[in-house]
Protein chains: 2
Amino acid sequence: MAAKRSGAESKGSGRGGASGQEPRSEPPLSLERIVATAVDLLDAEGVDGLKMRRLADRLGAGAMSLYWHVGNKEEVFDLALDSVLEYRGPSDIVESRDWRGNVVHMLEDWRASMLRHPWSASLLPRRALGPNILIRLELLSKALSRAGVTDADLNVAIWSLWNFVIGATITRANFDLSDDDRAAAQQRLTGLSQHYPTIERSRLLLDNDWDGAFRKGLDFLLDGLAPRQ
Amino acid sequence: MAAKRSGAESKGSGRGGASGQEPRSEPPLSLERIVATAVDLLDAEGVDGLKMRRLADRLGAGAMSLYWHVGNKEEVFDLALDSVLEYRGPSDIVESRDWRGNVVHMLEDWRASMLRHPWSASLLPRRALGPNILIRLELLSKALSRAGVTDADLNVAIWSLWNFVIGATITRANFDLSDDDRAAAQQRLTGLSQHYPTIERSRLLLDNDWDGAFRKGLDFLLDGLAPRQ
DNA sequence: ACCTGAACACCGTTCAAGT
DNA sequence: ACCTGAACACCGTTCAAGT
């Protein structure tokens, strides 16, 4: 992932090194490098931190060079997003047994991949579906069929799981930023406990076990979709 | 919702009326007017269409007057969002019977409210929870308790429903924009049917019954959360 | 074919003034 | 107390050139 940063000599006159750590003798610009660097930048600075100028800077390229390789900023987002959703499944899907294990594994991996890049979940629903998510949906479809979900219910089941994963991951990725805020919210809730007695008592806003809640909620949903007989 | 637009005389020298329909003798600026107008503008132009200058323009106010009433643009988003999530429940919650009907009604109303303002769903997960969503969560909590969900599972159940609603609504609101794109995607899928045979056969990307899928998926999830015995 | 800086058309926000 | 325009510090993108 990280660039190799070979020690080398500078190109010509200095560029007024404000950043101080600009690598020298860069490999030429390429889509691959641009996408990889965009992911790094997004990880470091979030969605709002991705600016075309800054990206070019990180690449050691002139400010506007990117526009030769990419149509516009949107395209950078699309490419960065898909590059982050790759799935290296558990060996082969031929393993017919334990459809449920396969599904849970893939969905937990999906969520984990997006949480490693907290900008990605929010982006996913508003962009065209790239090949890497299609692979995941296909796996889902196969497994659910095998589990006995009827053809008439198949699409509903897939979208239900999609909704659950997207909703959980977007929520988690965004709440993550505001740990103190959450305490403050629960505090406020306590002050208003006459209005919200039930969620105040269960300490809904303080509940911190995101991974457990995802896993248990997913189990409930799968129970509903394909009841174990 | 819509302003009354009383016919009246202009204030002084013309402002070079580019928009052509600027109302005259506006009521004074107020938080309420700002929020209501922000919602209108968001509905009309989307998240990216809300610019402080444009909002001021719609209010018939000078470009920078808003900053007296609001700290910054973020605050406008927060206020607009909460104003859109109000719930006027079915009479009273005392109706103990039919917890499931109550839940389904509230969640469908929640989704419908957000789809009426397609920018709202994406905003919700990244902002502090306002009073209007807390009311909905409280209702959810009460109903699920009544349905027999144990205290240990209560938070999981609430977040599962949250995830489902958020995921479904964000997805629907965004896919809505691209009806042709979806056909194109399915087309592309058909071309690659050796890679994605199952979702190609079920025509996953063409499935257009969003309301039905939401309702049926919600039923599955509720079955998992509180099995009907 | 690939890269570049200058320039344009925006934005959010600050600030010193106005009434 | 409330409103205002000018000004600042950005940003995405176009374009005419460079090599």
Side-chain angles (χ1 to χ4, degrees), chain A residues 10-19 22-35 37-38 41-42 44-81 119 123 126-127, chain B residues 10-19 22-35 37-38 41-42 44-81 119 123 126-127:
Chain A
S10 73
K11 252 173 164 171
S13 56
R15 286 177 45 241
S19 76
E22 37 183 348
R24 296 95 192 280
S25 71
E26 299 279 359
L29 238 36
S30 70
L31 248 196
E32 275 173 22
R33 277 193 72 224
I34 291 175
V35 172
T37 307
L41 185 52
L42 283 163
E45 314 273 358
V47 191
D48 294 335
L50 180 64
K51 335 253 175 164
M52 295 302 270
R53 287 177 228 256
R54 192 120 66 124
L55 180 53
D57 227 55
R58 277 213 178 199
L59 287 158
M64 299 296 100
S65 313
L66 303 181
Y67 285 93
W68 177 260
H69 302 268
V70 197
N72 51 30
K73 194 179 172 180
E74 299 274 285
E75 203 178 317
V76 178
F77 277 126
D78 281 337
L79 294 168
L81 178 59
W119 45 272
L123 242 44
R126 61 182 115 174
R127 317 228 134 257
Chain B
S10 74
K11 252 172 164 173
S13 58
R15 287 177 43 243
S19 76
E22 37 185 348
R24 298 93 193 284
S25 72
E26 298 278 359
L29 238 36
S30 71
L31 247 197
E32 275 172 23
R33 278 193 70 225
I34 291 175
V35 173
T37 308
L41 185 53
L42 283 163
E45 314 274 357
V47 192
D48 294 336
L50 179 63
K51 335 252 175 165
M52 294 303 269
R53 288 176 227 255
R54 191 120 66 124
L55 179 54
D57 226 56
R58 277 211 178 200
L59 287 158
M64 300 295 99
S65 313
L66 303 180
Y67 284 93
W68 177 260
H69 303 267
V70 198
N72 51 32
K73 194 179 171 181
E74 300 273 286
E75 203 177 318
V76 178
F77 277 126
D78 280 338
L79 295 167
L81 178 60
W119 45 272
L123 242 44
R126 59 182 115 173
R127 316 230 134 255

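Here is the naming used below: chain letters follow the sequence lines, and residue numbers restart at 1 for every chain. Computed from a predicted model, the values in this text were never measured in an experiment.
Pair check for C/dT19 finds D/dA1; Watson-Crick or G-U wobble, both atom distances under 3.5 Å. With a 3.5 Å ceiling on both atom-pair distances, the Watson-Crick or G-U wobble partner of D/dT14 is C/dA6.
For A/A61, taking side-chain heavy atoms from C-beta onward, the closest of the listed nucleotides C/dT4, C/dG12, D/dG12 is C/dT4. Checked against C/dC3, C/dT4, C/dG12, the side chain of B/K51 finds its nearest nucleotide in C/dG12. Checked against C/dC3, C/dA7, D/dC3, the side chain of A/W68 finds its nearest nucleotide in C/dC3. Listed candidates were D/dC3, D/dA6, C/dA7. Nearest to the side chain of B/S65 is D/dC3. Which of C/dA7, D/dG5, D/dC3 sits closest to the side chain of B/M64 comes down to D/dG5.
Rounded to the nearest Å, the gap between the C1' atom of D/dC10 and that of C/dA9 is 13 Å. With both ends at atom P, the span from D/dC2 to C/dA17 equals 22 Å, rounded to whole Å.
The residue A/L66 sits apart from the nucleic acid: no heavy atom pair falls under 4.0 Å.
Distance B/L31 CG to D/dC3 P: 11 Å, rounded to the nearest Å. As a whole-Å value, the separation of A/L59 CG from C/dT4 C1' is 15 Å. When rounded to the nearest whole Å, the span between NE2 of A/H69 and P of C/dC2 equals 7 Å. Between A/D57 atom CG and C/dT4 atom C1' the separation is 14 Å, expressed in whole Å.
Here the side chain of B/E45 pairs no donor or acceptor atom with the backbone of B/L41 at under 3.5 angstrom.
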